Amino acid sequence: MNLQPARGTRDIYGAELTAFKQVENTVRDFAKRYGFGEIQTPIFEATEVFCRGVGETSDIVSKEMYTFSDRGGESFTLRPEGTAGVVRAFVSEGMAQNLPVKLFYAGPMFRYERPQKGRYRQLHQAGVEILGAATPQTDVEVLCLAWDVLCALGLGGNVRLELNTLGDAESRAAYRDALVAYFSQYREQLSEDSRVRLEKNPLRILDSKDEGDKKLIENAPEMTAYLNEPSKAFFDEVKTGLDALGIPYVVNPRLVRGLDYYRHTVFEFVTESLGAQGTVLAGGRYDGLVRQMGGPETAGIGFGAGIDRLALLITELGKVDPEPRPIAVVPAGEDAVLPSMKAAHVLRQNGFIVDEAYTGNMAKRLKKANKINACAAVIMGGDEIAKGVATVRNLDSGEQKEVPLTDLPAALESFR
RNA sequence: GCGAAAGUAGCUCAGUUGGAUAGAGCGCCGGAUUGUGGUUCCGGAUGUCGUGAGUUCAAGUCUCAUCUUUCGCCCCA
């Protein structure tokens, strides 16, 4: 039997899980502060949900989906991203009755890719969506939430917010046509990849890393020239809002996003510290997606945060919070086992973290207490039991004193 | 999907032109210590050398295949 986890998947536990949970909980806590409610959607959906939601031309749909038929012959797919499922839920649960809807989610996503550091086949994202609010104020709110989260994780100085607009549907289509016209002149000079992009998704030529492409891109038409007045005004309001809140950003006119549903604001928070997988949180506005999925015309904006990448980042930068330290209960002798169990129970009922070694003499148990990074030991032997006390030892300083059992929780207050 | 590198103990790694029982540090277990940890000292176990074939008197070492990871591309969080 092959005991390795499947390619691109891994067991997450110990210190890695600590970092992982810190990221997830930080996004959740801040999302709640911003008025988002949590939703859990299924991990797999009818394949059509993602084809329509994410867009047929995206690489995710065309070659990265985990798709399978169930025993009834229907085609299902493990979700490759979060937005499509949330929008599907928004429509099928009739949430349009009470707008706007603000939702938070976190969980695993699946993409059939070649794994690298920070890039997995089972990846984890936490994200938010605001549905039914078309004002630039919500763009600013979502970006502000993202910025708060990253700062709370201690990453304010390690990420850069890149911002762009794709304009509304009309502007985006006009720009697309202009790009096709421009790059078609130079078709022979384009890289092989970009010739394919020219057919499938010309916008993506703009962030090609090919040197030859880069030269052509320099003189390519700029989005700004094709923005209609409403699109321009919308983007200006987003930038004004960010300025007012003091959120730093750079406008990157070449920033495009892979998923077909984006309109207007698109953004990425990137870091230089993770190699080729530098995008740690990204998103944008997707007015039109809900309609496309069969719901009423509804505006939408949101982001997805890469939990795996952010966990790697805070680990490498030493920003992971230390685990709370337990209190170790140490019985001395067989007769002390039950009394110390009772003491441990009382402390746990009072909210303390209490652990113990189950075997060995006192020296061994104290060693174990060190190993689990305990801050204090509650020692109980024949002497203590006879007097109705316990010995409380500070494991950092070595100081210890006897306290009556009834006062134990109060006496340990400073070790909480 | 394309190109490249790597895989030896729980972890980080050494292992010569192919040569006999495959090593170190850290960690782990036991003892010095049967009511006092961290430091120290002594002792012990680490292992399908990623997997499977092949070459050879002999393979951790060479060849091929395969799996996984890592780096770049592609793409994305």
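Any value given below was found using the heavy atoms of this structure, including those in side chains, with hydrogens, waters and symmetry copies removed. Chain letters run A, B, ... following the sequence lines, proteins first and then strands; every chain starts at 1. Please read all numbers here as calculations on a predicted model, not as lab measurements.
Taking only side-chain nitrogens and oxygens, K209(A) comes nearer than 4.0 Å to OP1 or OP2 of C73(B). A sub-4.0 Å separation between OP1 or OP2 of G37(B) and a side-chain N or O of K371(A) is absent. Taking 4.0 angstrom as the limit, R10(A) places none of its side-chain polar atoms (N or O) nearer than this to OP1 or OP2 of U69(B). Phosphate proximity of C75(B) to R197(A): present, with a side-chain N or O under 4.0 Å from OP1 or OP2.
Checked by distance alone, Q4(A) brings no side-chain donor or acceptor within 3.5 Å of a matching partner on the base of G50(B). Checked by distance alone, R393(A) brings a side-chain donor or acceptor within 3.5 Å of a matching partner on the base of U36(B). No hydrogens or angles were tested; on distance alone, a donor-acceptor pair under 3.5 Å links the side chain of E384(A) to the base of G35(B). Counting distance only, with no hydrogens placed and no angle test, the side-chain atoms of R309(A) and the base atoms of C76(B) include a donor-acceptor pair under 3.5 Å.
Comparing P5(A) and G278(A) along RNA chain B, the residue whose closest nucleotide (by nearest heavy atom) sits nearer the 5' end is P5(A).
One finds the CG atom of L405(A) at 11.5 Å from the NZ atom of K387(A) (value rounded to the nearest 0.5 Å). N158(A) CG to F269(A) CZ: the interatomic distance, rounded to the nearest 0.5 Å, is 13.0 Å.
Using a 4.0 Å heavy-atom distance criterion, A305(A) is classed as making no nucleic acid contact.
For Y175(A) and Y226(A), the ring centers are positioned less than 6.0 Å apart.
K117(A) places its NZ atom 15 Å from the P atom of C73(B), with the value rounded to the nearest Å.
Checked for salt-bridge contact, E162(A) and R160(A) meet the test: a charged N lies under 4.0 Å from a carboxylate O.
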